[in-house]
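Have a look at the structure below, then the notes.
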Amino acid sequence: MVVDAVILGAGMHPWGKWGRDFTEYGVRAAKDALAEAGIAWTDVQFVVGADTIRNGYPGLVAGSTFAQALGWTGARIASCYAACASGAQALDIARTRIMAGLCDVALVVGADAAPKGFFKPVGGPGDPDWLRFKLLGASNPVYFALYARRRMELYGTTQDDLAAVKVKNALAGSLNPNARYRKAVTAEEVLASPMVADPLRLMDICATSDGGAAIVLASRDYARRLGARDPVRLAAISTVTPTFPNTVLELPNFATDSAAAVPPPARPFRSAIAHAAYEEAGIGPEDVSLAEVYDLSTALELDWIEDIGLCGPGEADKLLRTGQTALGGRIPVNVSGGLASFGEAIPAQAIAQLCELTWQLRGAAGARQVEHARIGLAVNQGLFGHGSAVITTR
Amino acid sequence: MVVDAVILGAGMHPWGKWGRDFTEYGVRAAKDALAEAGIAWTDVQFVVGADTIRNGYPGLVAGSTFAQALGWTGARIASCYAACASGAQALDIARTRIMAGLCDVALVVGADAAPKGFFKPVGGPGDPDWLRFKLLGASNPVYFALYARRRMELYGTTQDDLAAVKVKNALAGSLNPNARYRKAVTAEEVLASPMVADPLRLMDICATSDGGAAIVLASRDYARRLGARDPVRLAAISTVTPTFPNTVLELPNFATDSAAAVPPPARPFRSAIAHAAYEEAGIGPEDVSLAEVYDLSTALELDWIEDIGLCGPGEADKLLRTGQTALGGRIPVNVSGGLASFGEAIPAQAIAQLCELTWQLRGAAGARQVEHARIGLAVNQGLFGHGSAVITTR
Amino acid sequence: MWFTVEDGLTYLVGTQCTACRTVCFPPKTGFCPNPRCDGEQLNETRLSRSGRVWSYTNSCYPPPEPFEAAEPYVPITIAAVELDREKIVVLGRVKDLTVADLSVGMELELTSEDGVWLWTR
Amino acid sequence: MWFTVEDGLTYLVGTQCTACRTVCFPPKTGFCPNPRCDGEQLNETRLSRSGRVWSYTNSCYPPPEPFEAAEPYVPITIAAVELDREKIVVLGRVKDLTVADLSVGMELELTSEDGVWLWTR
Ligand SMILES: [Zn+2]
Ligand SMILES: [Zn+2]
């Protein structure tokens, strides 16, 4: 008999460029999530923090930092790091502990205070991340642009399509009080924004932000005792790694694996991430009511839509052009506004995606509510073979 | 019905000052653990890495680094950091996933390549860890010495007692092929070593080392299918945090919590760590056959012996003087040689403790074998409210 | 930093939660560390100027940077001092005393020099 | 770094596992990345000197340090090139071509300048 993990509460600190300590964003999000759950901080048995890493280690181990800021209670803690998938791994660790029967209620928190501009290399000489900047000048947008250009040449995606993704997500973000950018934009504005890495313009690429997000997870029994009727269920989390040989060039690498000695896997990495979650949840892409995908660039949203199986390869543009991925369409994508409206706050990102799915499945998403939302999917991918897919059901 | 997690294999890269990349130590330990388990790397469903942090982030996220070095298989991964308890948290994450029925077999790896001398602050100005060096000159041995001096004045522990701890552990370490220091020492040598932080001399304080350790965990069913008879069981892992107000001064803090508004908890932090593990395993201190405790200093071994309940406060010196904590004594402590013989390789440390308990409980510890070893306990404590206790049974 | 001098007397400056009266040193912003308190207003407060030695030690070798060690180096003495009213133990360097002069329970009082607080007799 | 020049021709230098023949770039030490191979002997090997463009882009703004950008800055062009024999895609800066000159599938060959390999026509 499997123990179900359900979502008791979600909370966010609005994304922005606030310039304060990340602890404050995380604690504020945690307090909001606890309030929504209707429990006290002292009820929490397990705290998992998604680590921020750019500030060095001391005092900044997230689980411990948030637990201490909320006040030491003797609760168990864990802190994890998995680049953009950090938040999902934190959720996975908490959910698993509940499913193992080792705890009833857990708090998951991620927050970040991001630097401005390009992400700079953290390591020093000899470090692979340092070398890709030194030798190639290959910033993150360069990798995003390689994917975008290949898509354009293979599938006929146009700059207008990319702009249309931004227009769609900006409109959604304008309806979200937690988004950093809350202004609708026109295709003309996107196409007039300066080119950063051809074919991606400034408005095609997500910014770096400050923000925080938190989720209170509990066993279904605990939720029932608390009187939570029909809570949103955390049905699956996938954190699979690539399978050798990974033939898609990934940040921050200089090259792919070689497929000369071993043939590539049937499913490329991004598809495999989503596939594992579908399998665990026992559902398929046709069951999904809405999806939050990781739009580091406008073009990447189109890639993801295909990778999670909402359509075949090269068909995402058609979904977009016919309005099917917009709010009110057949399968809305990034109704939160996505990274386009939030910007990246890395350890908070996957948790923020789950906040959106939770509110949507509860029918509590206000002006951006997706009708009849029953099953939500959120996916992302980070450096070093990290990625995640999360499925919620109701 | 609770799923049991058992230990299929243990592996270590010998501790030393090898000056190579930490990946090599971890992979070597992992391969040894897999060989001992009798399974292939491709059988592993989940890899958890305990992070090393002093080298910056890129490429050094342990779970991903080890998984990639062993070859991407699509296995799920996690990476965690909890200072000296990192290895225990990694074990906890893997064990929990097995107990939840989400995987059958997992690999846990930790490795480090440590810098020489005092640990230096990692963060910059404004960081609490930087400030304790800047304002107070308070290196780690300063904190260890404060505990040692207080113990001496409260309980009458002498410099000779401290030296006797080192003599005992060095003798044990001389029997351990994975130890870095394999030479027996005399009390005279210890007492003649230079004073570092009064009352602690150079030979009272543990060094920083390179090393790696790995454990293969599995469900009892999986072990049975593999033909593993009577495997060592991972009966409990505690990763509890302090309870406010924590009235013991901890690294890297400037002060304790204040106990003026809220009375201190009945059980101080270190005792609480062990207590939670005893509760989970359903045993008590009187059941323990051997213990590995975190002897960052000789004096701290004595503190820990009391904190885990092997005797009352102030009575550890008597156990030591009467040989009860030595190999062959009633309750041997640090028969691996302890940190005194290994030095710290932070993310590997708690995993290495579990390797020792595993080999001891299997009767495979060679010259340092504890007779009739049935129950083992390992404890440690790190910065930022981290600590762990692990209990194995057979 | 974290102290003030008035009429030649040095005071550590911490914070106190207006809701539960919990004292913190170093001063804190944001949230009260008492897990049963939702207080977010932490006001500056002066701590007691003297307390009893909880423990003490020295650093026989020069601490690493960013510490600025005197040359030639003379071992610095460090004490953890328990303040009775605040029930808090505060670490500090010790002025003009070596470990031979100290014992657990001895009363020390606060002074300051070169931008840092110091414990002394 | 990671390439060699012989008779005026530039070759990328990777490694090849003696057990399963898997090729790596950049060169690797230690363990073969093929999860079904226990090989630990990775020998240096020269890669094919030409391949077909997998994708390409540029950097319209100067990349951050440690990149040494020319002043005044001219956008650098970057291509990912697929080597047929090794079935590997290798990133590199492109010499003397802009994005307008490139297309997916175009053949490029290797050259080098100022200590770094470059793709060119
Ligand atoms: Zn308060
Ligand atoms: Zn091979």
Side-chain angles (χ1 to χ4, degrees), chain A residues 115 117-121 123-125 127-154 194-202 241-264, chain D residues 1-2 12 14 16-17 19-26 32-37 39 47 53-69 73 75-93 98-100 102-105 115-118:
Chain A
F118 283 128
F119 280 125
K120 290 188 185 65
D127 184 282
D129 206 38
W130 187 88
L131 281 168
R132 62 144 163 154
F133 283 92
K134 172 72 179 174
L135 297 177
L136 305 181
S139 62
N140 292 7
V142 159
Y143 289 82
F144 307 155
L146 290 169
Y147 305 147
R149 173 57 64 187
R150 184 167 168 84
R151 176 174 187 89
M152 289 171 77
E153 298 217 1
L154 255 61
M195 192 69 84
V196 172
D198 185 279
L200 298 179
R201 296 172 181 279
L202 191 60
T241 46
T243 296
F244 180 87
N246 185 357
T247 57
V248 178
L249 188 69
E250 309 272 10
L251 285 82
N253 298 340
F254 285 86
T256 60
D257 291 335
S258 159
V262 179
Chain D
M1 184 165 201
W2 304 339
L12 290 173
Q16 184 167 40
C17 171
C20 76
R21 320 295 299 163
T22 285
V23 171
C24 289
F25 181 84
C32 174
N34 174 356
R36 289 186 167 74
C37 176
L47 306 194
V53 171
W54 183 84
S55 192
Y56 59 93
T57 184
N58 61 9
S59 183
C60 301
Y61 294 90
E65 289 183 359
F67 186 78
E68 292 162 30
Y73 178 71
I76 56 169
T77 308
I78 293 172
V81 173
E82 188 161 16
L83 309 185
D84 190 48
R85 183 164 54 86
E86 293 83 0
K87 292 196 167 48
I88 191 173
V89 175
V90 179
L91 210 53
R93 273 156 51 204
T98 72
V99 288
L102 292 167
S103 62
V104 168
V116 69
W117 72 93
L118 299 163

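Numbered from 1 within each chain, the chains take letters A, B, ... in sequence-line order.
- Counting heavy atoms from C-beta on, the side chains of A:Leu249 and D:Leu91 come closer than 4.5 Å.
- The existence of a salt bridge linking D:Glu65 and A:Lys134 is excluded, since no basic side-chain nitrogen approaches an acidic carboxylate oxygen closer than 4.0 Å.
- In this structure, D:Pro64 and A:Phe133 have side chains that are in contact, with non-hydrogen atoms separated by less than 4.5 Å.
- With a threshold of 4.5 angstrom between heavy atoms, A:Val262 approaches chain D through side-chain atoms but not through N, CA, C or O.
- The OG1 atom of D:Thr98 sits 9.0 Å away from the CG atom of A:Asp198 when rounded to the nearest 0.5 Å.
- For D:Val90, the parts lying near chain A are the backbone and the side chain together; criterion is any non-hydrogen pair under 4.5 Å.
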- Carefully, step by step, assess A:Arg149 and D:Trp54 under the rule side-chain contact (heavy atoms from CB on, under 4.5 Å). CA-CA 9 Å; A:Arg149 173 57 64 187; D:Trp54 183 84; over 6 Å; no
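- Heavy-atom pairs under 4.5 Å with chain D peak, among A:Pro245, A:Pro194, A:Ala261, A:Ser258, at A:Ser258.
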- Query: Is there a side-chain contact (heavy atoms from CB on, under 4.5 Å) between A:Phe244 and D:Thr22 once you walk through the steps?
  - Reply: CA-CA 11 Å; A:Phe244 180 87; D:Thr22 285; 3.7 Å; yes
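- Rounded to the nearest 0.5 Å, atoms CG (A:Leu202) and OH (D:Tyr61) are 6.5 Å apart.
- With values rounded to the nearest 0.5 angstrom, A:Trp130 atom CH2 is found 12.5 Å from D:Phe67 atom CZ.
- Among the candidates A:Leu200, A:Leu146, A:Val196, the single residue satisfying the side chain to side chain contact (heavy atoms under 4.5 Å, CB included) test with D:Thr57 is A:Leu146.
- Contact detail for D:Ser59 and A:Val142: the closest heavy-atom pair is CB-CG2, 4.4 Å.
- Of the listed residues (A:Ala259, A:Pro199, A:Pro264), the greatest number of heavy-atom pairs within a distance under 4.5 Å of chain D belongs to A:Ala259.
- In this structure, the side chains of D:Trp2 and A:Leu131 come closer than 4.5 Å at one or more pairs of heavy atoms.
- The minimum heavy-atom distance between D:Cys60 and A:Ala197, with the atom names listed, is SG-N, 4.4 Å.
- For A:Asp257, the part sitting under 4.5 Å from any heavy atom of chain D is the backbone (N, CA, C, O) and nothing else.
- Side-chain atoms of A:Thr256 and D:Glu82, non-hydrogen and from C-beta on, never get closer than 4.5 Å to each other.
- Heavy-atom distances place the side chain of A:Tyr143, and not its backbone, under 4.5 Å from chain D.
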